[in-house]
Amino acid sequence: MNYPTARDEKAAYWYLRLRDADVTPEEIQEGLRWQRQCLENQAAFDRVEAYWRAWSSVSDERAMLDQIGFERSWSTRKHWLAAAAALALASIAAWFFLSWSSHNAPRSIEYTTMVGQVRTITLQDGSEVVIGGATSIRTSFSSNKREVFLTEGEALFRVKKNAARPFVVASAEGLARAVGTAFDVHRGPEGTTVTVVDGLVDVRPPDGPEDRSAHLHPGDQVSLALGGKLDQTRHVNADEVTSWRTGRKVFIDESLVSVVADLNRYSAKPIALAATDVAGVRITGTVKVDGIRAWLQALGPLAGVNITENEHSIVLAGSPPKR
Amino acid sequence: MRSKKLLPAPSPPECGVVVPLGPRRGADGSVGAQLESLFREHQRDLLRFLRIRLGSEADASDALQIVFTRLLQRADSLQDDNLVSLLYVSARNVAIDLIRERRHAGVDDFARIETNELPDEQPGPDRHAQGQQRLKLLMSLVNELPRRCRGAFISYKIEHMEYADIARRMGVTESMVRKYVIKAVAYCAARLERMEGWE
């Protein structure tokens with residue numbers, strides 16, 4: 001069953017309009033006429049009124065906002081986006097929690113990989129996902145939508161075409177929407193990056209206007225910074241970006257903090273950044289995931305990073321080279 | 001104590017019939033008599049409108065009383081060609097004044113709803129728990145909404161923001177914000193009704 005109906009929306013329109021301070025006398029009469037025009041209109045209108053009144057017993061607004069993890073004091077766009085992202089997360093969680101019992105229940109399934117593990121799975125709709133190391137995705141499929149939430153890590157999606165059920169991959173920073181295509185979504189400490197292998201994908205922040213989405217073609221890549229700011233679209237070698245599937249990580253001008261976060265999803269031994277002054281060092285290079293230690297040893301002198309290793313971890317410290 | 005003696009008797013309901021109502025001369029032709037006859041014709045709609053604005057039947061009749069008194073006091077200075085519009089504009093303005101008074105007193109929109117209008121609400125310690133449960137339910141419905149829809153609705157309903165301010169914040173037009181809020185209300189209202197046995 002699909003609701004609301006057009007009549008429900010009309011009822012809501014009139015109810016809200018009648019409550020506006022600038023409603024005209026002509027509109028008041030027209031609205032009232034609409035709501036008593038027939039029994040169906042009356043019922044729809046009463047329903048809206050009952051809903052509005054149901055709020056009257058819960059006037060604790062602070063509690064309402066807390067319940068959805070809503071940041072009240074925000075005023076800038078960044079804060080708005082952060083709040084929207086929080087909402088997106090909260091809502092997806094709520095959606096999973098709430099709707100499993102309803103008739104149109106999206107089935108929520110979580111897939112998580114271990115460090116160093118790469119798995120290929122086929123989703124309920126036939127789409128295929130290659131999940132990178134230490135990555136977690138949750139799917140939520142309903143009759144009119146396919147939603148996947150990427151918490152952390154990277155995944156390559158090969159989407160089964162179905163125009164009636166758009167395929168949306170969401171992270172805290174944004175949404176990538178595709179109909180039938182292949183694309184890579186990566187989430188790390190500095191945000192989310194979407195790379196298109198095949199087909200077309202629209203990318204936007206959780207609350208960005210649809211008309212300001214980035215439209216990506218094959219080979220295009222776009223990043224969403226933490227908070228959801230959409231970067232310039234750039235052209236990349238999609239094969240390189242997705243080479244993690246075959247045990248290689250390619251970094252092009254990435255910060256050390258991102259590189260470390262990525263390698264930690266594949267490295268048997270955790271890598272630790274001991275000093276924040278090297279976090280921003282830019283790294284370009286290719287790493288074989290089974291040769292991370294050797295690569296780091298080689299990287300050390302080039303990037304001005306001091307590498308030490310103890311029982312538990314590989315520690316990166318030192319100062320970046322002076323320019 | 002609510003006095004209704006100034007109000008003329010209500011007209012019988014005209015279900016499903018749209019009656020074109022132009023200004024009309026009263027028995028003695030005076031504006032005051034015209035007003036009285038218009039009040040009789042429009043009383044039901046005016047009450048309905050005021051109830052939508054103010055939430056309760058009692059507040060609506062109080063407000064209607066004020067509208068009637070105010071207009072009658074100005075009867076001599078009124079033009080008789082636009083009395084129907086004036087009736088609704090006055091009702092709207094009286095409602096706005098009353099809502100403003102309430103807000104100043106720190107009372108919510110519907111704080112004066114009689115408890116017997118909400119049959120599942122009982123006095124006593126259960127009341128708080130029920131309120132909490134209801135809040136949970138209402139928020140869960142809000143959380144089912146698409147993101148932008150939900151954002152607009154929360155700003156409007158819970159934060160009491162104006163459409164224009166929400167539009168600026170969301171970076172969309174005011175009419176888009178209105179559409180989001182309409183969709184949100186329509187969805188939640190239909191959904192709420194289908195959830196039987198909710199607290």
Side-chain angles (χ1 to χ4, degrees), chain A residues 3-5 8-13 15-16 18-19 21 23-26 28-29 31-33 35-39 44 47-61 63-65 67-68 70 72 77 80 83-84 87-88 90-91 94-95 97-99 206-210 212, chain B residues 15-16 18 21 45 48-49 52-53 55 84-89 91-92 96 108-111 113 117-118 121 127 130-132 134-140 142-145 147-148 150-151 154 157-159 169-172 176 178 181-194:
Chain A
Y3 50 75
T5 62
D8 289 332
E9 285 188 16
K10 193 85 186 162
Y13 166 80
Y15 186 79
L16 292 166
L18 288 173
R19 292 176 58 84
V23 62
T24 67
E26 292 75 25
I28 297 173
Q29 291 175 82
L32 292 170
R33 215 176 288 142
Q35 66 88 33
R36 63 171 148 72
Q37 197 175 351
C38 61
L39 286 174
R47 200 151 52 213
V48 169
E49 193 172 28
Y51 171 70
W52 206 260
R53 284 182 176 212
W55 283 95
S56 62
S57 58
V58 286
S59 50
D60 186 353
E61 287 159 13
M64 293 179 206
L65 295 172
Q67 193 159 341
I68 44 169
F70 196 73
R72 194 170 191 172
R77 178 149 182 90
W80 162 244
L87 274 175
S91 76
W95 179 267
F97 171 73
L98 276 167
S99 43
D207 220 78
E210 254 144 87
R212 266 188 261 152
Chain B
C15 289
V18 178
L21 292 161
D45 274 1
R48 183 76 185 98
F49 169 67
I52 290 162
R53 292 302 296 254
V84 175
S85 287
L86 194 64
L87 217 53
Y88 285 95
V89 168
R92 182 194 72 192
I96 291 171
D108 191 45
D109 265 12
F110 289 105
I113 287 182
E117 283 194 68
L118 299 165
E121 200 167 73
R127 179 109 178 243
Q130 286 194 358
Q132 286 300 104
R134 181 176 303 198
L135 169 62
K136 234 182 213 157
L137 174 75
L138 291 171
M139 288 317 297
S140 73
V142 171
N143 277 333
E144 289 177 16
L145 296 167
R147 261 174 286 279
R148 299 181 67 70
R150 182 176 50 245
I154 287 169
K157 178 71 183 111
I158 302 177
E159 294 204 294
R169 185 154 88 178
M170 290 179 71
V172 296
M176 265 322 281
R178 284 177 189 268
V181 176
I182 287 167
K183 272 206 190 311
V185 170
Y187 174 83
C188 292
R191 193 88 169 77
L192 182 65
E193 201 200 40
R194 282 167 173 85

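By convention in this document, chain letters (A, B, ...) are assigned in the order of the sequence lines, proteins followed by strands, and residues within each chain are numbered from 1. Owing to the predicted nature of the structure, the values given are computational and were not obtained by experimental measurement.
In this structure, the side chain to side chain contact (heavy atoms under 4.5 Å, CB included) partners of Tyr51(A), at least two apart in sequence or on a different chain, are Trp55(A), Leu138(B), Val142(B), Phe153(B), Val185(B), Cys188(B), Ala189(B), Leu192(B). Under the salt bridge (Lys or Arg N to Asp or Glu O under 4.0 Å) criterion, Lys10(A) pairs with no residue at all, not counting sequence neighbours.
Within the 4.5 Å cutoff, no side-chain heavy atoms of Arg36(A) are placed close to those of Arg48(B). Counting only heavy atoms from C-beta outward, the side chains of Val23(A) and Arg53(B) approach each other to under 4.5 Å. The shortest distance between side-chain heavy atoms of Gln29(A) and Phe49(B) does not fall below 4.5 Å. The shortest side-chain heavy-atom distance between Pro4(A) and Lys183(B) does not fall under the 4.5 Å cut-off.
Neither the backbone nor the side chain of Ala11(A) has a heavy atom closer than 4.5 Å to any heavy atom of chain B. Within the 4.5 angstrom heavy-atom criterion, atoms from both the backbone and the side chain of Leu18(A) approach chain B.
Looking only at heavy-atom pairs under 4.5 Å with chain A, the residue among Asp45(B), Val89(B), Leu86(B) that has the most is Asp45(B).
Although no hydrogens or angles enter the test, the distance criterion places a donor-acceptor pair under 3.5 Å between the side chain of Arg19(A) and the main chain of Ile52(B). Within the 3.5 Å criterion, the main-chain N or O of Gly55(B) finds a donor-acceptor partner in the side chain of Arg53(A).
Looking at every heavy atom in both residues, Ala190(B) comes nearest to Asp8(A) through CB-OD2, 3.8 Å.
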Verdict with reasoning, Tyr88(B) to Leu32(A), per side chain to side chain contact (heavy atoms under 4.5 Å, CB included): CA-CA 11 Å; Tyr88(B) 285 95; Leu32(A) 292 170; 4.1 Å; yes
